[in-house]
Each structure stands twice: as structure tokens, then as C-alpha cells.
Amino acid sequence: MTNVFEGPLIQAFRRLEKLLRQMCQAAKAIGNIDLENKFANSIVKIKCDAIFAASLYLLGSFMATLTTLFAKSLVNLLSVSLFDHDNQFTNALSWAILLVTVFTAASQVYWINQGLLRYDALLQVPVFYVIWTVFDIIGGGIYFNEFREFTTVKYVLFVLGVAVVFSGVGLLANRLKNH
């Protein structure tokens, strides 16, 4: 195990994998080859399972969304500081926004790379961008009040557009099952 924070979901799957390895060794020790093989197959399925892959691109997407939200706030602070000559970096909150932006940007890259190390980029990248886009739209809509002008037709078209994009990602994911 590593000392790097990986989130509760990933930690739970790693602990489950460790437990299955111990159960596999115990089955081997008592001479039950059938049970040993079942535990070994379970370990393989956990390591390649879509749930583990999903946790990686979900973490990357979530960090990317936070980066977008905090970067927008940071740009507003910088804009006022530079163009209005009103230094916004005289309080701790402005510096916290800067630090959170840098941290979430680095975390986003880390989690994307973790997914790319383990899984096919043809699945990781499109799913990451779809989820990131949806999170950004919803987060920005709430945080910046962008949904206030939406009519029923706009909501329906938004949901339809998201469904079309997810269908495309589903087709890519299905390609992986066929190979």
C-alpha cells in the first residue's frame, strides 16, 4: 500500500484484493484447489473491473471540475488585481483559492494518469471528458446561476445532448468488451 491518499473507494478495493489474496493462500494451504482458483479469478476481476476504472476517471473528472470552478474564481481575482489595480491577494481566502486551484489541477493530472496506466485510453479519455463536462455544466450552472434562464425546452435539449454523448461513450466501452 502507498501513503498517497487514494480515496475511500479505491482503498476499499485494495483491501478487498488483499483479503482475497489471503483467502487464496488459505485455500492453497488446506489443499482446496477449486476454492483457490475461485479466489484467484476474483482478484483478476477486481484488478480489471470497470468499477476500479470508473473510480479513477471519476476522481479525475471531479478534480477537473473543481479546477475549473476555482480557476474561474482565480481569474476573477487576478482580473480585478491587474486591471482595476485593486489587489485581491491581501486576504487568506484569495491565497486559498490559488492553492486549491493548483492542488486540484495537479490531482486531476495524477488521477487521469493513474487510469491511463491501467486501462485503455479509448475508454478512459472519452469517459473522463464526458463526466467532466457534465460536472462542469451542472457545477457552473449552480455556482454561477447559469440555469436561471433555462426554459423547459432548454432543459430537455440539455438532457438529450448529454444522453447522446453518453451513448457514444457506451459504444466505445462496448468495443472493449468485444476484444
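Just so we're clear, the structure is a prediction, and the values are computed from it rather than from any experiment.
Closest approach of Gln108 and Ala64 over heavy atoms only: OE1-CA, 3.3 Å. When all heavy atoms of Thr67 and Ala105 are compared, the closest pair comes out as OG1-N, 3.1 Å. Listed here is the closest heavy atom pair of Ile97 and Leu74: CG2-N, 4.0 Å. Contact record, Ser73 with Tyr143: OG-OH, 3.6 Å, taken as the closest heavy-atom pair. Contact record, Phe128 with Ile112: CZ-CD1, 3.3 Å, taken as the closest heavy-atom pair.
The CG atom of Leu82 sits 10.5 Å away from atom CD of Gln88, with the distance rounded to the nearest 0.5 Å. To the nearest 0.5 Å, atoms CD (Glu36) and CD (Gln25) are separated by 9.5 Å. In this structure, the separation between CG on Leu77 and OG on Ser94 is 4.5 Å, given to the nearest 0.5 Å. The CG atom of Leu16 sits 12.5 Å away from atom NZ of Lys18, with the distance rounded to the nearest 0.5 Å. Summarising the geometry, atom OG belonging to Ser79 is positioned 11.0 Å from atom CG belonging to Asp86; distances are rounded to the nearest 0.5 Å. With values rounded to the nearest 0.5 angstrom, Lys28 atom NZ is found 10.5 Å from Asn37 atom CG.
Screening Ile137, Val130, Asp136 for a side-chain contact (heavy atoms from CB on, under 4.5 Å) with Thr133, the sole residue that qualifies is Ile137. When Val75, Thr65, Leu98, Thr101 are each tested for a side-chain contact (heavy atoms from CB on, under 4.5 Å) with Phe70, only one passes: Thr101.
One hydrophobic cluster holds both Leu93 and Trp95 under the rule that ILVMFWY side chains link at heavy-atom gaps under 4.5 Å. Linking ILVMFWY side-chain heavy atoms closer than 4.5 Å, directly or via other members, places Ile138 and Val159 in a single hydrophobic cluster. Clustering ILVMFWY residues whenever any of their side-chain heavy atoms sit less than 4.5 angstrom apart, transitively, puts Phe150 in the very cluster that holds Ile142. Side-chain heavy atoms closer than 4.5 Å link hydrophobic residues (I, L, V, M, F, W, Y) into clusters, and following such links, possibly through other members, connects Phe147 to Val162.
By the 6.0 Å contact criterion, OH on Tyr129 is open, its count of non-hydrogen atoms from other residues, nucleotides or ligands being 12 or less. Crowding of Phe103 atom CZ: a count of heavy atoms from other residues, nucleotides or ligands under 6.0 Å not exceeding 12.
Residues Phe144 and Leu69 form a side-chain contact, since some pair of their non-hydrogen atoms from C-beta on lies under 4.5 Å apart. Two residues are said to be in side-chain contact when any heavy atoms from C-beta on lie closer than 4.5 Å; Phe89 and Leu78 meet this criterion. Residues Leu157 and Lys154 have side chains not in contact (no heavy-atom distance under 4.5 Å, counting atoms from C-beta outward). In this structure, Leu59 and Tyr110 have side chains that are not in contact, with every pair of non-hydrogen atoms separated by 4.5 Å or more.
Ring planes of Phe62 and Phe135: perpendicular class, angle over 60° (limits at 30 and 60°).
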Candidate pair Ile131 and Leu58, rule side-chain contact (heavy atoms from CB on, under 4.5 Å), full reasoning: CA-CA 7 Å; Ile131 294 173; Leu58 282 172; 3.8 Å; yes
